[in-house]
Number of protein chains: 2
Amino acid sequence: MPRIKHSNFDCSPGCPVEGALSLIDGKWKGVILYHLLEGTLRFNEIRRKLPNVTQRMLTLQLRELEADGLVLRKVFAQVPPRVEYSLTERGRSLAPVIAALKAWGDANLPRSAEAA
Amino acid sequence: MPRIKHSNFDCSPGCPVEGALSLIDGKWKGVILYHLLEGTLRFNEIRRKLPNVTQRMLTLQLRELEADGLVLRKVFAQVPPRVEYSLTERGRSLAPVIAALKAWGDANLPRSAEAA
DNA sequence: CAGAATCCACCGGGATACTG
DNA sequence: CAGTATCCCGGTGGATTCTG
């Protein structure tokens with residue numbers, strides 16, 4: 001696994017929190033993981049789910065997730081390129097975290113007031 | 001001061017994940033919350049727990065947490081200033097999230113191999 | 001379709017110094 | 001003790017263009 005640079009662990013007690021966080025932060029990773037939890041998706045399928053992400057960012061974030069061993073990238077050698085993204089076991093193991101995040105968000109974020 | 005800028009919700013379905021994430025990201029917030037979960041702490045007590053944080057950053061992160069309603073800042077009008085930080089109810093409600101994060105980190109982050 | 005390349009703005013965050 | 005105030009650098013992420 002290619003040593004990723006956000007292994008910037010300062011490791012105070014409680015560091016695993018930061019460590020885990022560093023894998024899912026980065027503006028889109030959380031949502032990407034969230035969507036991938038529901039099944040394999042192609043590049044543009046993910047794009048469609050994230051209306052505001054740019055191709056560049058999507059690619060970058062997916063690559064980081066891949067480098068972190070959370071996402072599997074499967075390329076099909078076809079004329080119209082086809083690339084499928086799915087979660088690895090490690091990625092799937094994040095499910096409880098994402099679920100906790102979503103649960104908290106649903107319960108504590110003003111969904112209605114947020115439409116400002 | 002109020003003005004929280006990370007209300008940058010793009011709100012694709014699954015947004016609550018991002019929303020929750022936006023509150024606890026920012027390099028030190030996760031760890032701060034983690035420590036605060038164990039009880040009220042003074043400014044320098046937190047600093048001691050986070051050897052690598054600068055006063056500036058600690059102040060900033062605490063202010064953001066406060067603005068997000070997760071942390072309560074209590075100032076004592078005394079000659080040697082005394083400021084205590086504690087979690088609000090809302091902040092405490094994040095416990096499951098932090099716990100999930102920590103559990104995952106403990107289980108999946110190579111604590112030993114990481115010293116590479 | 002699924003990117004790669006380039007350019008650039010922004011601001012997160014570190015270092016340092018000063019203060020009530 | 002618990003902050004401010006400045007300065008400054010690098011990374012993150014946006015917009016746009018090109019391609020196999």
Side-chain angles (χ1 to χ4, degrees), chain A residues 3-12 18 21-32 35-36 40-68 71-86, chain B residues 1 3-10 12 18 21-32 35-36 40-68 71-86:
Chain A
R3 284 283 56 197
I4 323 106
K5 68 83 204 324
H6 47 259
S7 301
N8 182 19
F9 293 104
D10 305 87
C11 270
S12 51
E18 269 298 310
L21 221 34
S22 73
L23 298 182
I24 64 182
D25 84 12
K27 202 167 190 184
W28 304 104
K29 292 189 189 178
V31 207
I32 293 175
H35 286 296
L36 248 26
T40 298
L41 291 173
R42 299 183 52 173
F43 188 80
N44 276 352
E45 286 178 331
I46 303 180
R47 265 190 92 177
R48 255 167 260 134
K49 302 229 179 202
L50 276 17
N52 297 311
V53 76
T54 60
Q55 333 75 314
R56 170 187 152 78
M57 277 319 295
L58 184 51
T59 303
L60 288 178
Q61 303 272 306
L62 283 169
R63 290 294 147 82
E64 287 190 35
L65 290 171
E66 189 189 1
D68 286 333
V71 160
L72 179 65
R73 179 165 177 266
K74 188 169 185 180
V75 184
F76 295 78
Q78 303 180 351
V79 180
R82 176 191 188 84
V83 181
E84 289 186 350
Y85 293 91
S86 58
Chain B
M1 164 67 49
R3 277 276 51 203
I4 316 143
K5 67 74 205 327
H6 47 259
S7 299
N8 182 19
F9 293 105
D10 304 87
S12 51
E18 269 299 308
L21 221 34
S22 73
L23 298 182
I24 63 181
D25 83 13
K27 200 165 191 185
W28 304 104
K29 292 188 187 176
V31 207
I32 293 175
H35 287 296
L36 247 27
T40 297
L41 291 172
R42 299 183 52 174
F43 187 81
N44 276 353
E45 286 178 331
I46 303 180
R47 264 190 93 179
R48 257 168 257 131
K49 303 227 178 204
L50 276 17
N52 298 310
V53 77
T54 60
Q55 332 76 314
R56 171 187 153 77
M57 276 322 293
L58 184 52
T59 302
L60 289 178
Q61 302 273 307
L62 283 169
R63 291 294 148 82
E64 287 191 35
L65 289 170
E66 189 190 2
D68 287 334
V71 160
L72 180 65
R73 178 165 178 267
K74 189 169 187 180
V75 183
F76 295 79
Q78 302 182 352
V79 181
R82 176 189 188 84
V83 182
E84 288 184 351
Y85 292 92
S86 58

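All chains are named by letter (A, B, ...) in the order of the sequence lines, taking the proteins before the strands, and each is independently numbered beginning at 1.
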By side-chain hydrogen bond (donor to acceptor under 3.5 Å, both in side chains), which residues pair with [X], not counting sequence neighbours?
X: A:Arg73; value: A:Tyr85
X: B:Arg82; value: B:Glu84
X: A:Gln55; value: none
X: B:Glu66; value: none

#### Entry: Flag side-chain contact, heavy atom, 4.5 Å: B:Lys74 against B:Thr40
no

### Task
Check whether any side-chain heavy atom of B:Glu64 lies under 4.5 Å from a side-chain heavy atom of B:Lys29, and answer yes or no.
yes

Measure from the side chain of [X], starting at C-beta and using heavy atoms only, and say which of [options] lies closest.
X: B:Lys27; options: C:dA2, D:dG3, C:dG13; answer: C:dG13
X: A:Arg42; options: D:dA15, C:dC1, C:dG14; answer: C:dC1
X: A:Val83; options: C:dA2, C:dG13, D:dA2; answer: C:dA2
X: A:Arg63; options: D:dT4, D:dG13, C:dA4; answer: C:dA4

Integer-rounded Å distance: [N] [atom2] and [X] [atom1]:
X: B:Leu58; N: C:dG14; atom1: CG; atom2: P; value: 11 Å
X: A:Asn44; N: C:dG3; atom1: CG; atom2: C1'; value: 10 Å
X: B:Glu84; N: D:dC1; atom1: CD; atom2: P; value: 14 Å
X: B:Arg47; N: D:dT4; atom1: CZ; atom2: P; value: 13 Å
X: B:Glu45; N: D:dC1; atom1: CD; atom2: P; value: 11 Å
X: B:Arg73; N: D:dA2; atom1: CZ; atom2: C1'; value: 8 Å
X: B:Leu62; N: D:dA2; atom1: CG; atom2: C1'; value: 11 Å
X: A:Met57; N: C:dA4; atom1: CE; atom2: P; value: 14 Å

### Message
Angle between the end axes of the helix from C:dC1-D:dG20 to C:dG20-D:dC1, five pairs per end, to the nearest 10 degrees?
### Response
60°

Extract from the structure each pairing of a protein N or O with an N or O of nucleotides 17-20 of chain C at less than 3.5 Å, listing the distance.
none

Could you list the residues that satisfy salt bridge (charged side-chain N to carboxylate O under 4.0 Å, His left out) with [X], not counting sequence neighbours?
X: B:Glu45; result: none
X: A:Arg47; result: none
X: A:Arg48; result: none

### Query
Across the strands shown, which category fits A:Gln61 at heavy-atom distances under 4.0 angstrom: base, sugar-phosphate, nothing?
sugar-phosphate

### Query
So, for B:Leu65 and B:Leu23, which heavy atoms are closest and what is the spacing to 0.1 Å?
CD2-O, 4.0 Å

#### Entry: Base of C:dG13 paired with side chain of B:Arg56 (donor-acceptor, under 3.5 Å)
yes

### Task
Would you indicate, yes or no, if D:dG3 has its OP1 or OP2 atom less than 4.0 angstrom from a side-chain nitrogen or oxygen of B:Tyr85?
yes

